[in-house]
Amino acid sequence: MNNAVELSKERETLDVVSFFDFQICDSTYEDILEYLLNSIEDKEKNIVFAFNPRKMVMAKNDAVTKEALQKADILIPDGYGIVLASRILGKPINNRITGTDLMMLLCRTISKDSSEGIYIYGATPDSLKDAVERMRKEDIHIAGGIDGYGYDDEEVVNSINRSGASILFVALGSPKQELFIAENADKLHNIRLIMGVGGSVDVISGHAKRAPLFIRKMGLEWLFRMICRPSRIKENKLLADYIKIVINERRRLKKAG
Ligand code: UDP
């Protein structure tokens, strides 16, 4: 893999590709899973964030969000727009990893092979309750959960610490979840894996529909979401800004030869 660089010693099993000011993971689901499971066993704390065009623009517009995103040990290329732009810019990312798929893979594998507990923070009370019910039906070890409305950080941190969980999924949307994690990761004493999962709890609970598989395979999930949720008109503007950033970068690279 030409454009991938090896990560530092403790992360030598994962590849990354430089993408603007970010290091995007370019490993397979299996390699990421193995890496994270080993880290959990070795009692290392890892932060995983999903990266997409919207977050790229948010980071460009807001230094605090950018700093929070850069706290990730692993930034997964969740948005197809990232994969596509990486090709246009001549540094292809080959492995698209979606947050929801990685979350479920982690939950199933961890619950099958170990007794580690999982805590979920975020989503509405109803969606969280339904997601937890569905996950418990699959024998996933849910140690606790708290919805994303109406609790302050201190209450949430105390609840997570009391639960004894070692894996935390935060589903508050972006940049809220990245800011919470960046601010509070060090206060979570038993947690060894923290992942920002956006709307994944709503997908698991069935409260939000995922795009049909063929649409996902074509990389058009973002279009599906936009059509299903026209209220998120702001996303159109972010997407337009993202396209501009990529086109400008392509021009700059061409000029530089
Ligand atoms: N959410 C929350 N608290 C808030 C705002 C949002 O728990 O104050 C939840 C919301 O209920 C939803 C998730 O965060 O489950 C955000 O999903 P969305 O698809 O908007 O996230 P994205 O992945 O697009 O950032």
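Counting starts at 1 for both ligands and their atoms, following the listed order. Owing to the predicted nature of the structure, the values given are computational and were not obtained by experimental measurement.
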> Heavy-atom contacts with Gly173 under 4.0 Å: which atoms of ligand 1 show up? List them by number with element.
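Checking each atom against Gly173, I get 13 (C), 14 (O), 16 (C), 21 (O), 25 (O).
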> Considering only protein heavy atoms, which is closest to atom 10 (C) of ligand 1, and at what distance to one decimal place?
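The closest one turns out to be Tyr149 OH, 3.3 Å.
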> Would you mind listing which atoms of ligand 1 come within a distance below 4.0 Å of any non-hydrogen atom of Gly199?
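It comes down to these atoms of ligand 1: 17 (O), 18 (P), 19 (O), 21 (O), 23 (O).
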> Considering only heavy atoms, which of Pro175, Gly148, Ala171 lies nearest to atom 9 (C) of ligand 1?
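Among Pro175, Gly148, Ala171, the closest heavy atom to atom 9 (C) of ligand 1 belongs to Ala171.
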> Any idea which protein heavy atom is nearest atom 18 (P) of ligand 1, and the distance to it?
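For atom 18 (P) of ligand 1, the nearest protein heavy atom is Arg232 NH1, 3.7 Å.
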> Is a side-chain donor-acceptor pair under 3.5 Å present for Asn46 with Ser39?
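Present: a donor and an acceptor within the cut-off.
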> For Val201, state whether at least one heavy atom is located under 4.0 Å from any atom of ligand 1.
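Distance cut 4.0 Å: Val201 fails for ligand 1.
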> Where does Asp202 meet ligand 1, judged by heavy-atom distances below 4.0 Å: at the side chain, the backbone, both, or neither?
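For Asp202, the contact with ligand 1 is made by the side chain alone.
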> So, the side chain of Asp26 versus the backbone of Val17: is there a donor-acceptor pair under 3.5 Å, distance only?
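The answer is no, because no donor-acceptor pair under 3.5 Å joins these two groups.
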> Are a donor atom and an acceptor atom from the side chains of Asp78 and Thr98 found within less than 3.5 Å of each other?
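No, no side-chain donor-acceptor contact under 3.5 Å.
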> Kindly say whether Glu41 contributes a backbone atom to a donor-acceptor pair with the side chain of Arg192 at under 3.5 angstrom?
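The answer is no, because no donor-acceptor pair under 3.5 Å joins these two groups.
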> In the protein, which heavy atom is nearest to atom 19 (O) of ligand 1, and how far is it?
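Checking every protein heavy atom, the shortest distance to atom 19 (O) of ligand 1 gives Arg229 NH1, 3.4 Å.
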> Give the minimum heavy-atom separation between Lys55 and Gln177, together with the two atoms involved.
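Smallest heavy-atom distance, with atoms named: NZ-NE2, 4.0 Å.
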> Heavy-atom count check: over 12 atoms from other residues, nucleotides or ligands less than 6.0 Å from Lys60 NZ?
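No, the 6.0 Å shell around NZ holds no more than 12 heavy atoms from other groups.
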> Who's the nearest protein heavy-atom neighbour of atom 8 (O) of ligand 1, and how far?
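Atom 8 (O) of ligand 1 sits closest to the protein heavy atom Lys176 NZ, 2.5 Å.
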> Under 3.5 Å, is there a donor-acceptor pair linking the side chains of Gln23 and Ser18?
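Yes - a donor-acceptor pair under 3.5 Å links their side chains.
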> Using heavy-atom distances only, which candidate in Gly122, Gly198, Ala123 approaches atom 13 (C) of ligand 1 most closely?
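Of the listed residues, Gly198 has the closest heavy atom.
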> Considering only heavy atoms of Ser174, which atoms of ligand 1 have at least one such atom less than 4.0 Å away?
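Heavy-atom distances to Ser174 below 4.0 Å select 25 (O).
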> In this structure, is the centre-to-centre distance between the rings of Phe180 and Tyr121 below 6.0 Å?
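Under 6.0 Å, so yes.
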> With heavy-atom distances below 4.0 Å as the criterion, list the atoms of ligand 1 near Thr124.
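Counting atoms of ligand 1 from 1, those under 4.0 Å from Thr124 are 11 (O).
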> What class does the angle between the rings of Phe51 and Phe22 fall in, given that below 30° is parallel, 30 to 60° is tilted and above 60° is perpendicular?
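Aromatic pair Phe51/Phe22 classed tilted.
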> Side chain, backbone, both or neither: which applies to Arg54 and ligand 1 if a contact is any heavy-atom pair less than 4.0 Å apart?
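Looking at Arg54 and ligand 1, just side chain atoms fall under 4.0 Å.
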